[in-house]
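In this text the structure is predicted, and so the values were computed from the model without any measurement. A note on names: the letters A, B, ... follow the listed sequences, proteins ahead of strands, and every chain is numbered from 1.
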Amino acid sequence: MAEVLVLIGHIEGQIRKPGLELLTLARELGTPVAVCAGPGLDAEVIRTLARYGAHRVHLVESGELEDHPVGWVQVLADLAATAPQAVLLESTPEGREIAARLAVRLGSGVLTDAVDVRPGPEGPVVTQWAFAAGYEVTARVVTGVPVIAVKPNAVAPVPLAEEIEPEISRSGLDLDEASLRTHVVSRAVRHSTGRPQLTEAEVVVSGGRGLGGADHFELVERLADALGGAVGASRAAVDAGWYPHTHQVGQTGVTVSPQLYVALGISGAIQHRAGMQTSKTIVAVNKDREAPIFDLADHGVVGDLFSVVPQLLDEIARRRR
Amino acid sequence: MRIVVCVKHVPDMASDPGFTADHRVDRDGVQGRLSELDEHAVEQALRVLDAAPDTHLTYLTVGPAAAAEALRRALAMGGHAAVHVSDDAIAGSDAPATALVLAAALRRLEPDLVLCAMASTDGGTSLVPAMLAEHLALPQLTFAAELTVEPGTATVRIRRDGSRATEELRATLPAVVSVTDRTGEARYPSFKGIMAAKKKPLETWNLADLGVPADQVGAGAARTVVDAITARPPRTAGTALPDEGEGGLRLADFLSGQKFV
Ligand SMILES: Cc1cc2nc3c(=O)[nH]c(=O)nc-3n(C[C@H](O)[C@H](O)[C@H](O)COP(=O)(O)OP(=O)(O)OC[C@H]3O[C@@H](n4cnc5c(N)ncnc54)[C@H](O)[C@@H]3O)c2cc1C
């Protein structure tokens, strides 16, 4: 079976879940090759990659990719010369900019924001959502090596039943002019909040303009903690500086698809819905009966969140005692 | 310094756009507009212009006749001139073909800085900026939450919220930069601006002007195909109960019933 190149992002050898998701999908398409670079890629990391299906781990021996991420285009273009079945990357800002540039260099078609990738008789079949997740689109790349950027959480990462001993290959890197001219000056790795990752959480509790201030987000955090969830926010709340942008749910934030989404003081604008309307169960608390969020909510409370949420927290605590 | 902002005329999300039977965005009866995300790119260009009045600012779009409206809107916000690449052969182009045409136009315009939005609000692939950078062999800085242009040293810096880290990146000009809605609110065109925009030069170019062969663009050259599009069943609204003092308790009941508590 033809190889599938999978770009694995990691920080100091810590592989995040999306990388394992890509390997899980890649296994269905062909023989996964994990491509990675940077410090911390020890035997343990390689074993992890193999456990999720990497038959080969390709290590790029260059410290330059940290500072010149556009150099990944060159790495993947070189590896793609063997005509793999596909190249899979994460549909994140970092992944998409590589996917785009790579597709032009390879003369390939490219699909982003994949929520599923399956093998098909004419190559990988990609599922995407369009127009605020109102439509489901299935598409294929028909020219060149398919370049596919997959959204985090598209699939649950599943380890292989039996261990495989991966082949290791290595290459050096001589970066081209254009990649050298894009520099990372500084990088502040985000620290874990102790709560689940927003895109991976089973429960997301989000706050909007109705919170009225940064201090009140504590109420959102308390409910998130009571439900074991992550904290999200609307753009209005983020723009007001009440919560970090990395928690923004929606068109220009992240897409979440949890089992339970709780919207507190959020009106439900189309751009917000784009990021949450595929959630399994939706709950909303809003003062305004006419707020569009109630069109989506399985259970809505028309009322003041400052009385409803504290009462809910007390009741959850009481039931758990 | 010369800046070109690439803009797109898109269906207004508020008018609930859909698809035609042949899998294209249905523009019939749908209100079109300058993509709201592009307004942020226009705003960033205008801020450079405000600080350095010798900057020359051109808008560029590829699209059917109606796309000129997006250029007029951008010109009403400020800037000098606009170029509309329009050709029947372009209809149905995917991101690579659109980028090919834009890149050909950019070669003629020779900007020091190409500004784009992080994505269009319809296709939303985010692909075009990096594709332009590749065609033009330029550095790229994408998804900027904050942008600083330093014409003196011919550098551009951005801050971006990546998936794992917040990064600061720098590139030397000429470069391609895409910006997010985090870069700051876009100005609203003044009445004076709208009037002035009507007199600003707007050129229309076709593929022959750019030397782009027609068989490299359009639906026929698309490197991806859509096999099916299905409308997802709309969510059905459940109950929305007024809080009469027990809203929190009823919510607890619901969450318990669903095994979340
Ligand atoms: C290009 C573009 C991209 C965008 N991307 C995003 C995105 O990614 N994510 C996003 O969220 N938005 C996005 N937006 C913005 C979006 O259009 C809305 O402006 C935003 O979602 C509104 O946030 P909100 O619901 O918190 O605020 P509002 O719309 O102001 O709603 C606040 C709600 O709180 C309720 N409320 C007030 N006080 C209380 C109280 N005490 N108790 C209960 N309820 C109360 C009100 O009734 C109201 O419904 C985008 C917009 C554009 C143009």
Side-chain angles (χ1 to χ4, degrees), chain A residues 11 70 90 92-94 96-97 100-101 103-105 108-112 131 133-144 178 181-190 203 227 245-246 252 260 270 277 281 283 289 294-303 308-309 311-312 315-316 319, chain B residues 13-14 17 19 95-96 99 118 125-127 130-131 133-135 137-143 145 157 160-172 180-182 223-232 235 237-243 247-252 254 256 258 260-261:
Chain A
I11 289 172
V70 178
E90 289 177 36
T92 52
E94 300 93 328
R96 280 189 285 182
E97 71 163 356
R101 201 160 181 145
V104 172
R105 198 162 304 176
S108 286
V110 50
L111 293 164
T112 57
F131 289 137
Y135 293 83
E136 187 174 291
V137 177
T138 50
R140 274 176 301 123
V141 169
V142 290
T143 307
R181 279 165 60 203
T182 300
H183 282 261
V184 174
V185 183
S186 69
R187 182 178 282 130
V189 174
R190 266 191 296 285
V203 174
L227 298 169
H245 172 245
T246 44
T252 54
L260 172 66
I270 180 85
Q277 72 177 346
T281 300
V283 164
R289 178 65 188 89
F294 286 125
D295 298 342
L296 313 181
D298 300 284
H299 184 93
V301 182
V302 185
V308 175
V309 178
Q311 188 180 56
L312 170 63
E315 181 63 13
I316 293 174
R319 290 186 189 197
Chain B
M13 286 300 281
F19 292 92
M118 61 176 277
T125 66
S126 299
L127 292 168
M131 288 183 161
E134 174 68 8
H135 277 297
L138 293 179
Q140 70 195 43
L141 298 176
T142 59
F143 298 93
R157 293 163 181 278
R160 80 164 167 201
D161 290 323
S163 59
R164 302 175 177 81
T166 296
E167 299 173 325
E168 252 182 86
L169 295 109
R170 173 167 52 89
T172 49
T180 72
D181 52 347
R182 299 283 297 150
R223 297 175 185 176
T224 49
V225 292
V226 170
D227 289 324
I229 298 182
T230 42
R232 291 166 54 88
R235 288 192 81 98
T239 48
L241 302 172
D243 174 29
L249 303 180
R250 295 295 78 81
L251 187 45
F254 176 80
S256 296
Q258 302 275 318
F260 290 114
V261 172

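Atoms CG and CZ, on B/D161 and A/R190 in that order, are 6.0 Å from each other to the nearest 0.5 Å. Atom CD of A/E97 and atom CD of B/E134 lie 12.0 Å apart (nearest 0.5 Å). Taking CG of B/L127 as the start and CZ of A/R101 as the end, the distance is 13.5 Å to the nearest 0.5 Å. With values rounded to the nearest 0.5 angstrom, B/T142 atom OG1 is found 9.0 Å from A/R96 atom CZ. Note that the NE2 atom of A/H245 and the OG1 atom of B/T166 stand 10.0 Å from one another [nearest 0.5 Å].
B/R164 is not listed as a side-chain neighbour of A/R187, based on a closest heavy-atom distance of 4.5 Å or more. Side-chain contact between B/S163 and A/E94 is present, with heavy atoms from C-beta onward closer than 4.5 Å. Looking at heavy atoms from C-beta onward, B/L241 lies in side-chain contact with A/H299 at the 4.5 angstrom threshold. A 4.5 Å side-chain heavy-atom check between A/T252 and B/T180 finds every atom pair outside the cut-off. Looking at heavy atoms from C-beta onward, B/F254 lies in side-chain contact with A/T281 at the 4.5 angstrom threshold. With contacts defined as side-chain heavy-atom distances shorter than 4.5 Å, the pair A/D295/B/R235 does not qualify. A 4.5 Å side-chain heavy-atom check between A/V110 and B/T224 finds every atom pair outside the cut-off. Residues B/Q140 and A/V70 meet the side-chain proximity criterion, which asks for heavy atoms closer than 4.5 Å.
Between B/F19 and A/F131, the two ring planes are tilted [angle within 30° to 60°].
Panel note: side chain B/E167, backbone A/V184; no donor-acceptor pair is recorded below 3.5 Å.
Within the 4.5 angstrom heavy-atom criterion, atoms from both the backbone and the side chain of A/L296 approach chain B. Within the 4.5 angstrom heavy-atom criterion, only side-chain atoms of B/M118, from C-beta onward, approach chain A. Proximity to chain B is limited to the side chain of A/V283, based on heavy atoms less than 4.5 angstrom apart. Heavy atoms closer than 4.5 Å to chain B are found in both the backbone and the side chain of A/L260. Only the side chain of B/F143 comes within contact range of chain A, with at least one heavy atom under 4.5 Å from a heavy atom of that chain. For B/Q258, the part lying near chain A is the side chain, with the backbone staying farther off; criterion is any non-hydrogen pair under 4.5 Å.
Interface summary for chain A: among B/V261, B/L138, B/V226, B/T239, the most heavy-atom pairs under 4.5 angstrom belong to B/T239. Most heavy-atom pairs under 4.5 Å with chain B: of the set A/T246, A/D298, A/V309, this distinction falls to A/D298. With chain B as the partner, the residue from A/A297, A/A188, A/A139 showing the most heavy-atom pairs under 4.5 Å is A/A188. With chain B as partner, the option from A/T112, A/I11, A/T92, A/V142 having the largest number of non-hydrogen pairs under 4.5 angstrom is A/V142. Between chain A and the residues B/A165, B/G238, B/A171, B/S256, the most heavy-atom pairs under 4.5 angstrom are made by B/A165. Between chain B and the residues A/Q311, A/R105, A/E90, A/Q277, the largest count of heavy-atom pairs under 4.5 Å involves A/Q311. Looking only at heavy-atom pairs under 4.5 Å with chain A, the residue among B/E168, B/M13, B/R250 that has the most is B/E168.
Listed here is the closest heavy atom pair of A/T182 and B/P139: OG1-CB, 3.2 Å. Annotation for B/A130 and A/A100: closest pair CB-CB, 3.7 Å, computed over non-hydrogen atoms. Shown here for B/P96 and A/S108, the closest heavy-atom pair between the two residues is CG-O, 4.4 Å. Between B/M131 and A/A103 the shortest heavy-atom distance is CE-CB, 4.2 Å. Here the closest heavy-atom approach between residue B/A252 and residue A/E315 is recorded as CB-CG, 3.4 Å. Between A/R289 and B/A240 the shortest heavy-atom distance is CZ-CB, 3.7 Å.
Taking A/H183 as the reference, A/H68, B/R170 meet the side-chain contact (heavy atoms from CB on, under 4.5 Å) condition, with sequence neighbours excluded. For B/H135, there are no ring-ring contact (aromatic ring centres under 6.0 Å, His included) partners at least two apart in sequence or on another chain.
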